[in-house]
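All remarks here apply to the structure that follows.
We number each residue from 1, following the sequence as shown.
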Amino acid sequence: MYLEIFASIGLILLLIAFYHENTGKYDKKHREYNLLNLIGSLILGIYAIVIQSYIFITLEFIWVGISMYYLIINLPSYHKYNLQHNKKI
């Protein structure tokens, strides 16, 4: 039962992010959107490992990677570094 509650929290976080993206409150550059996706996917990825659902594991950890990518490229320090080194983002 606790495992299902744990997974439900991850699902709720993903659905909150999805809702806010579809209503225009967030887009892929919003830190909150990517944090919700990252934490929700990480929780569901752990759940997938426990239940040994390999397709689900793959999906969730790809989702984690994409969320981390957007969190990193949208950090102010990332933009500052690229501007200082004349790199295009």
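One hydrophobic cluster, built from ILVMFWY side chains closer than 4.5 Å, cannot hold both W63 and F18; they sit in different ones. Under the 4.5 Å side-chain heavy-atom criterion for grouping Ile, Leu, Val, Met, Phe, Trp and Tyr, I66 is not connected to I46 through any hydrophobic cluster. There is a path of hydrophobic side-chain contacts, each under 4.5 Å, that joins L36 to I43. Under a hydrophobic-cluster definition in which Ile, Leu, Val, Met, Phe, Trp and Tyr are linked whenever side-chain heavy atoms come within less than 4.5 Å, directly or via other members, I62 and M68 are assigned to different clusters. Under the 4.5 Å side-chain heavy-atom criterion for Ile, Leu, Val, Met, Phe, Trp and Tyr, I39 and Y69 are members of distinct hydrophobic clusters.
Side-chain atoms of S41 do not come within 3.5 Å of backbone N or O of L38 as any donor-acceptor pair.
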What side-chain donor-acceptor pairs closer than 3.5 Å can you find for residues 2-14, not counting sequence neighbours?
unit_1, atom_1, unit_2, atom_2, d
E4, OE1, M1, N, 3.1
S8, OG, E4, O, 2.7

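With sequence neighbours excluded, the residues that form a side-chain contact (heavy atoms from CB on, under 4.5 Å) with S53 are I51, F56.
Taking a 6.0 Å sphere around CZ of F61, one finds it holds more than 12 heavy atoms contributed by other residues, nucleotides or ligands.
Screening residues 28-47 for ring pair (Phe, Tyr, Trp, His ring centres under 6.0 Å) gives Y26-H30 as the qualifying pairs, with residues at least two apart or on separate chains.
Looking at heavy atoms from C-beta onward, L71 lies in side-chain contact with R31 at the 4.5 angstrom threshold.
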